[in-house]
Amino acid sequence: MSIRPDVHFGYNLIHQGIATLSRIESNGIRVDRRYLMKAISSTEKEIAVIKSRMRDTPVWDLWTKRYGVKANIDSDDQLGHILFDSKEKMGLGYKSTERTASGRYKADVAALEGIDLPFIKDLIRVGKLDKALSTNFKGILRELDGDNFVHPVFNLHIARTFRSSSDNPNFQNIPVRDEDIAKLVRSCYIARDGHVLVENDFKGIEVGVSACYNRDPALIAYVKDASLDMHRDIAMELFFLSKKQMSKAIRHVAKNKFVFPQFYGSWYIACAKQIWEEIEKRDLKLTDGTPLKKHLYLNGIKGLGACDASIKPEPGTFERHVQEVERSFWDVRFKVYKQWKNKWWEEYQRRGFFDTYTGFRISGPMDRNQVINYPVQGSAFHCLLWSLVQIQKELDDRGMRTVLVGQIHDSIIADVAIDEIDDYLAIVKDVTEVRLRKHYKWINVPLSVECEICPIGGTWFNKREVVIKDDSFNWKSKDDKHNWSGSARGLINFWQKLEKEAA
DNA sequence: TACTTCGGCGCC
DNA sequence: AAAGGGCGCCGAAGTA
């Protein structure tokens, strides 16, 4: 792994990127210390309540009988033995299909899903709270300075792909998907006085950058044409659906359990299993209310199938169907992409390295998936990093009070002075959507950023998506209930007015 | 007590 | 041909 000495792009990017990231680290992000302390004690209490309820069950009786004083409710290893050992061995005899690399019972959420015990429901919930408490709350508290700021570190020297990483505390893995936990943790983060937090995300940057490498016309069309929707189209194939029958949740499953895994090198057996799990967990239904499982049954899918690599998939199983969808995905729909993957891999095997469009040579032993994914992951991040550098330059040149406070691979978080918000958003748009493409000539697809703003006095959890309403840079809330539009500053003032009226 | 490995899980 | 890419951080359990 090295920066090519004859390519200045890579060196300059890292040089300036480090300078900008250290500015961001020095700026830090403000924390509501009072909220944090209260959240820690209330979360500790909630954990204690749940754990004592768990200790008042037959499962725990058995557990203590077996492990005596060594019984530990936080031990996954003990849990595995209690749940999955046979009754003769003093277990509950639940079926366990998977083992870990070292031969233990798998005891992650997926392995526990089929077990319908209140004890297990509590265990999963308390696990999330434990994670938030130990990693997020205590991590923030440990790093909190006297002015109530944390200063997450952003590294450029760790990831093999030349992506960044973050630590102490890690700013790039803060809960967002689980609404309860996201609220708990993100409420810690607030803006400086007279400021609001603003987050801008590149929309589908990895797919866009991937299209730049593989130049697949079908993929490029999906990226370029806003009226097309790749995830919806794949969901239609996966689940035998018309556009009208499609729900957001079903599209979401196709996107995150098939399309992205396929791009990252997964295959039909893993995809089929995961999609099947997700249908059950989310109780997915068509728009007319028909359960998705029933709909699949009516389309000839009688079950998941064996999902065993040594057994040919049976016709009439979901596994077999996903195999078919996979085949058409790579052999028909994205065949140029597939050819690129083969060529890229073959060239790496011959030369022992590959070069990214952003000026880096990556060499050394890698497997096929790594060789195919690294250039995309790295280059996508470099689009973000270059943008970050330019935005910081603009802020400096204009003497603005707005500060950058974080970066999450494809998104930028700023603590924006309220009177500067429209200028800031204009800078972000110009850098990311116009100037970036001039700098990196290899970008042959449009790139766009999405925008979320936290209301005045709100927390990071309260961010709301806003969109440009027209050509004249007027903004409005995306989930528009009020039909207000105008400057971004006017919009957040409008939110504040609504809030005051409600109070 | 200090350290390592493992499994698990948070994010993109 | 192989079979999900990249990180950081936690607690449990084992070892020195």
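Residue numbers begin at 1 in each chain, while the letters A, B, ... track the order of the sequences. Source: prediction; values computed, not measured.
- Contacts between chain A and DNA chain B, taken as any atom within less than 4.0 angstrom of a protein heavy atom, begin and end at B:dC6 to B:dC12.
- When each of A:Asn373 and A:Trp345 is assigned the nucleotide of DNA chain C with its nearest heavy atom, A:Trp345 is the one assigned upstream, toward the 5' end.
- Within 4.0 Å of A:Gln377, counting heavy atoms only, lies at least one base atom of the nucleic acid.
- Here A:Ala101 lies in heavy-atom contact (under 4.0 Å) with sugar-phosphate atoms only.
- Nucleic acid contact class of A:Pro175 (heavy atoms, under 4.0 Å, all strands): sugar-phosphate only.
- Across all strands shown, A:Asn136 has no heavy atoms under 4.0 Å from either base or sugar-phosphate atoms.
- A:Val176 comes within contact range of the sugar-phosphate backbone alone, with a heavy-atom separation under 4.0 Å but no base atom that close.
- The residue A:Asp76 sits close only to the backbone: its heavy atoms come under 4.0 Å of sugar-phosphate atoms, none of a base.
- Residue contacts shown for A:Asn168 are limited to sugar-phosphate atoms, with no base heavy atom under 4.0 Å away.
- Defined by atom type and a distance below 3.5 Å, a donor-acceptor pair is missing between the side-chain atoms of A:Ser166 and A:Gln407.
- Geometrically, A:Arg163 does not engage A:Phe381 in a cation-pi contact defined by less than 6.0 Å to the ring centre and at most 45° from the axis.
- When the C1' atom is used for both C:dA3 and B:dG10, the distance is 25 Å, rounded to whole Å.
- Backbone-only engagement by A:Ala107 is indicated by non-hydrogen atom pairs under 4.0 Å involving sugar-phosphate atoms exclusively.
- At the heavy-atom level, A:Arg99 lies nowhere under 4.0 Å from the strands shown.
- The aromatic rings of A:Trp344 and A:Phe354 sit tilted, their planes meeting at an angle between 30° and 60°.
- Taking the side chain as every heavy atom from C-beta outward, A:Trp460 and A:Ile174 approach each other to under 4.5 Å.
- Judged by a 6.0 Å distance limit and a 45° cone about the ring axis, A:Lys341 is positioned over the six-membered ring of A:Trp330.
- Using cut-offs of 30° and 60° on the angle between ring planes, the pair A:Phe263 and A:Phe329 is tilted.
- In summary, A:Asp180 and A:Lys128 do not engage in a salt bridge, as defined by a charged side-chain N under 4.0 Å from a carboxylate O.
- Contacts of A:Lys138 with the nucleic acid, taken as non-hydrogen atoms under 4.0 Å apart, are absent.
- Under 3.5 Å, the side chains of A:Ser411 and A:Glu199 contain a donor-acceptor pair of N or O atoms.
- Taking CG of A:Asp76 as the start and CG of A:Leu83 as the end, the distance is 10.0 Å to the nearest 0.5 Å.
- Interface limits on DNA chain C: the 5'-most and 3'-most nucleotides within less than 4.0 Å of chain A heavy atoms are C:dA1 to C:dA13.
- Between A:Ser166 and A:Asn342, the residue anchored closer to the 5' end of DNA chain C is A:Asn342, taking for each the nucleotide with the nearest heavy atom.
- The stretch residues 262-276 of chain A has no heavy atom under 4.0 angstrom from DNA chain B at all.
- We find that A:Lys343 and A:Glu346 are not joined by a salt bridge, their nearest charged nitrogen and carboxylate oxygen being 4.0 Å or further apart.
- No engagement by A:Phe260 is indicated, since no non-hydrogen atom pair under 4.0 Å with the nucleic acid exists.
- A:Tyr357 pairs with exactly one of A:Tyr213, A:Phe162, A:Tyr440 by the ring pair (Phe, Tyr, Trp, His ring centres under 6.0 Å) rule, that one being A:Tyr213.
- Taking the charged nitrogens against the carboxylate oxygens, A:Asp130 and A:Lys51 do have a contact shorter than 4.0 Å, which makes a salt bridge.
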